[in-house]
Amino acid sequence: MKLTIVGSGYVGLVTGTCFAEVGHYVTCVDNDENKIKQLQAGIIPIYEPGLETLVRKNVELGRLKFTSSIDEGVKNGEVVFIAVPTPPQADGSVDLSFVEKVARSIAEVLTEYRVIVDKSTVPVKTGEKVAETIRRYCKTNVDFDVVSNPEFLREGSAVADLMNPDRIVIGANGDRAAAIMKDVYEPFHAPIMITDLNSAELIKHASNSFLALKISYINAVAAICEASGADIGMVADGMGADKRIGREFLNAGLGYGGSCFPKDLSAFIRISDDLGYDFSLLKEVERINGDQLERFLKKMRSVMWVFREKKIGQLGLAFKGNTDDIRSSVAINIAQRMIEEGALLKTYDPKGMEKCAVAYPQIPLVSDPYDVAVEADAIVVATEWKEFKELDWLKIKKLMRTPLIFDGRNLLEPGEMKNLGFEYYSVGR
Ligand code: UGA
């Protein structure tokens with residue numbers, strides 16, 4: 001099929017590439033001409049495992065192309081996906097101006113039937129607004145359908161998530177659009193759920209909020225483990241073995257960050273408020289999440305007493321492992337807090353340093369993970385990179401002034417660290 005993706009950010013680029021990989025002909029549109037030029041030259045603006053190879057392969061096969069012309073995109077694609085940012089506003093509500101602008105731009109060049117699909121994370125009832133906008137700005141009386149098709153990929157495993165989805169949600173108010181969307185997703189051999197437009201939009205916010213709730217729940221249980229001497233790893237394994245609960249998203253740590261959960265939670269609270277429901281449960285999820293960092297810093301202070309003039313090495317800046325994304329990263333927050341309190345910080349991240357240098361020039365970076373350990377009074381593990389687990393921790397111990405580790409992601413084995421002679425602290429165990 002011929003498909004168009006408007007917006008070549010994380011979601012748009014990965015989605016477009018995976019659609020091409022399963023055999024569709026895909027046009028990716030972005031209004032950032034520089035980005036389009038880079039993509040045309042095979043330069044990928046984000047780090048995502050497996051993505052670059054797939055982009056190059058599908059460009060060579062002639063199934064994936066990039067343009068800054070929305071006109072060309074709408075002409076080329078029988079289905080047009082909107083995958084533009086929906087950033088938060090100061091009051092927690094969602095800025096839908098990019099979605100609205102794309103809807104107007106599509107309307108202006110619409111000449112024959114198209115399925116317009118919203119893939120961006122949007123508040124319930126946005127699809128209705130998109131349809132209204134297209135109708136208003138369209139010069140002819142051309143037929144179209146608006147569909148909601150939320151995306152559930154995670155950064156760091158986006159290609160794998162997209163190629164093997166648990167489910168595909170299609171919110172369509174008519175059979176014609178639903179049938180076309182089923183054809184789009186047929187090559188993925190995944191369960192397809194057809195819902196109405198509003199329900200599909202709600203599924204996305206409700207899912208992300210529920211996952212964030214799982215994380216805050218386990219972080220709250222971790223506090224009880226610390227107070228009682230129980231082990232959060234064992235508790236999470238025991239809980240997670242129950243199929244009704246599931247083990248995923250029960251890893252205690254510094255709390256969730258990133259460009260999705262914090263934003264989607266406050267948006268969902270706001271959407272619920274606007275619809276007349278006080279979602280106080282989610283407000284508590286946010287509070288517990290914010291508290292995780294404070295509790296961790298308190299633990300560090302209780303051991304180190306003061307941070308001023310202490311050499312602290314930090315491993316991790318990205319908001320999670322396998323990504324270069326540092327947006328709303330708790331690792332960045334902890335680095336900033338330690339710097340504010342006078343610590344002499346050195347940080348390392350396998351992929352996140354380039355973006356960190358631009359956004360947070362005050363955070364000192366080193367290009368070798370072992371350099372953070374040189375003469376260090378303590379090491380903080382702030383991101384769950386697998387690579388950190390595989391470091392030579394005996395070498396690290398020898399480089400440090402005092403062998404103190406604060407593992408904010410429960411990445412390392414407490415027994416092993418103690419055997420190596422470290423004083424080791426983690427979360428909930
Ligand atoms: C999240 C969802 O998992 C995706 O399904 C969704 O599509 C995406 O948001 C989105 O809305 O675009 P993402 O933010 O990429 O994906 O990353 P996650 O793997 O969900 O991690 C989010 C945060 O939670 C990270 O800071 C991570 O360190 C933290 N986390 C995750 C925990 O603290 N504990 C866990 O057990 C799992």
Side-chain angles (χ1 to χ4, degrees), residues 7 9-15 46-49 83-88 94 119-122 149-162 164-169 201 203-222 232-233 235-237 239-240 245-268 285-286 288-293 296 316-334 349 352 381-386 388 407-411 426-428:
Y10 256 110
V11 169
L13 183 59
V14 181
T15 309
I46 51 170
Y47 170 75
E48 190 58 48
V84 292
T86 49
V94 182
K119 221 176 208 330
S120 306
T121 301
V122 293
N149 170 220
E151 183 46 62
F152 301 102
L153 64 82
R154 288 163 298 179
E155 289 183 20
S157 55
V159 172
D161 288 348
L162 226 143
N164 308 290
D166 286 347
R167 82 303 203 184
I168 285 148
V169 174
E201 289 170 337
I203 286 170
K204 174 69 188 189
H205 269 126
S207 299
N208 270 7
S209 299
F210 188 77
L211 290 168
L213 180 142
K214 265 187 110 173
I215 298 169
S216 278
Y217 186 84
I218 206 67
N219 281 331
V221 176
I232 192 64
V235 174
D237 286 347
M239 288 170 62
I245 298 173
R247 179 62 179 83
E248 284 193 65
F249 282 70
L250 286 184
N251 295 323
L254 290 169
Y256 60 78
S259 64
C260 301
F261 285 175
K263 158 185 99 112
D264 290 352
L265 231 79
S266 39
F268 200 31
V285 169
E286 278 186 333
I288 292 170
N289 195 55
D291 213 31
Q292 273 318 94
L293 175 61
F296 194 74
L317 291 163
F319 84 98
K320 59 181 273 190
N322 271 341
T323 179
D324 63 349
D325 197 346
I326 54 162
R327 288 175 292 172
S328 301
S329 170
V330 189
I332 296 284
N333 295 347
I334 194 167
D349 189 279
V381 180
T383 305
E384 59 272 42
W385 277 100
K386 202 169 149 256
F388 297 156
D407 181 355
R409 294 293 174 185
N410 290 358
L411 192 75
S426 53
V427 180

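Just so you know, ligand 1 is whichever comes first in the structure, and atom 1 is the first atom listed for that ligand. Note that the coordinates shown come from a computational prediction; the quantities given were computed from them, not determined experimentally.
Looking at Asn208 against ligand 1, only its side chain comes within 4.0 Å, counting heavy atoms. Here Lys204 has side-chain heavy atoms under 4.0 Å from ligand 1, and that is the only part of it that gets that close. At a heavy-atom cutoff of 4.0 Å, ligand 1 is contacted by the side chain of Glu384 but not by its backbone. By the criterion of a heavy-atom distance under 4.0 Å, both the backbone and the side chain of Asn251 are placed next to ligand 1.
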Please step through side-chain hydrogen bond (donor to acceptor under 3.5 Å, both in side chains) for the pair Thr121 and Lys263, ending with a clear verdict. CA-CA 10 Å; Thr121 301; Lys263 158 185 99 112; 5.1 Å; no
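For atom 7 (O) of ligand 1, the closest heavy atom belonging to the protein is Leu153 O, 2.7 Å. For atom 3 (O) of ligand 1, the closest non-hydrogen atom on the protein side is Arg154 CG, 3.3 Å. The protein heavy-atom contact nearest to atom 37 (C) of ligand 1 is Phe249 CD2, 3.5 Å. Closest to atom 31 (C) of ligand 1 among all protein heavy atoms lies Ile215 CD1, 3.5 Å. Nearest protein heavy-atom contact of atom 18 (P) of ligand 1 is Lys320 NZ, 3.6 Å. In this structure, atom 10 (C) of ligand 1 lies nearest to the protein heavy atom Cys260 SG, 2.9 Å. Atom 5 (O) of ligand 1 has Phe152 O, 2.7 Å as its closest protein atom, hydrogens excluded (heavy atom only).
Heavy atoms from other residues, nucleotides or ligands lying under 6.0 Å from OH of Tyr217 number 12 at most.
Taking all heavy atoms of Phe261, Tyr10, Tyr256, Phe319 into account, the minimum distance to atom 13 (P) of ligand 1 is reached by Phe319.
Less than 4.0 angstrom separates some heavy atom of Glu155 from each of these atoms of ligand 1: 15 (O). Using a 4.0 Å cut-off to heavy atoms of Asp264, the atoms of ligand 1 that qualify are 11 (O). Residue Arg409 approaches ligand 1 through these ligand atoms, each under 4.0 Å from one of its heavy atoms: 28 (O), 33 (O).
Remark: side-chain polar atoms of Ser329 are paired, donor with acceptor, to backbone N or O of Ala331 under 3.5 angstrom.
Nearest heavy atom pair, residue Thr383 against residue Leu411, reads O-CD2, 4.5 Å. When all heavy atoms of Leu250 and Ala236 are compared, the closest pair comes out as O-CB, 3.5 Å. Listed here is the closest heavy atom pair of Phe268 and Ser209: CD2-OG, 3.3 Å.
Residue-ligand proximity: Gly257 is placed with a non-hydrogen atom under 4.0 Å from ligand 1. Proximity of Gly258 to ligand 1 is not established, as no heavy-atom distance is less than 4.0 Å.
Under the salt bridge (charged side-chain N to carboxylate O under 4.0 Å, His left out) criterion, Glu151 pairs with Lys119, sequence neighbours left out.
A cation-pi geometry, defined here as NZ or CZ lying under 6.0 Å from the six-membered ring centre and within 45° of its normal, does not hold between Arg327 and Phe319.
A donor-acceptor pair shorter than 3.5 Å cannot be found between the side chains of Tyr10 and Thr15.
Ring orientation note: the planes of Tyr47 and Trp385 are tilted relative to one another, at an angle of 30° to 60°.
Taking OG of Ser157 as the start and CG of Asn164 as the end, the distance is 10.5 Å to the nearest 0.5 Å.
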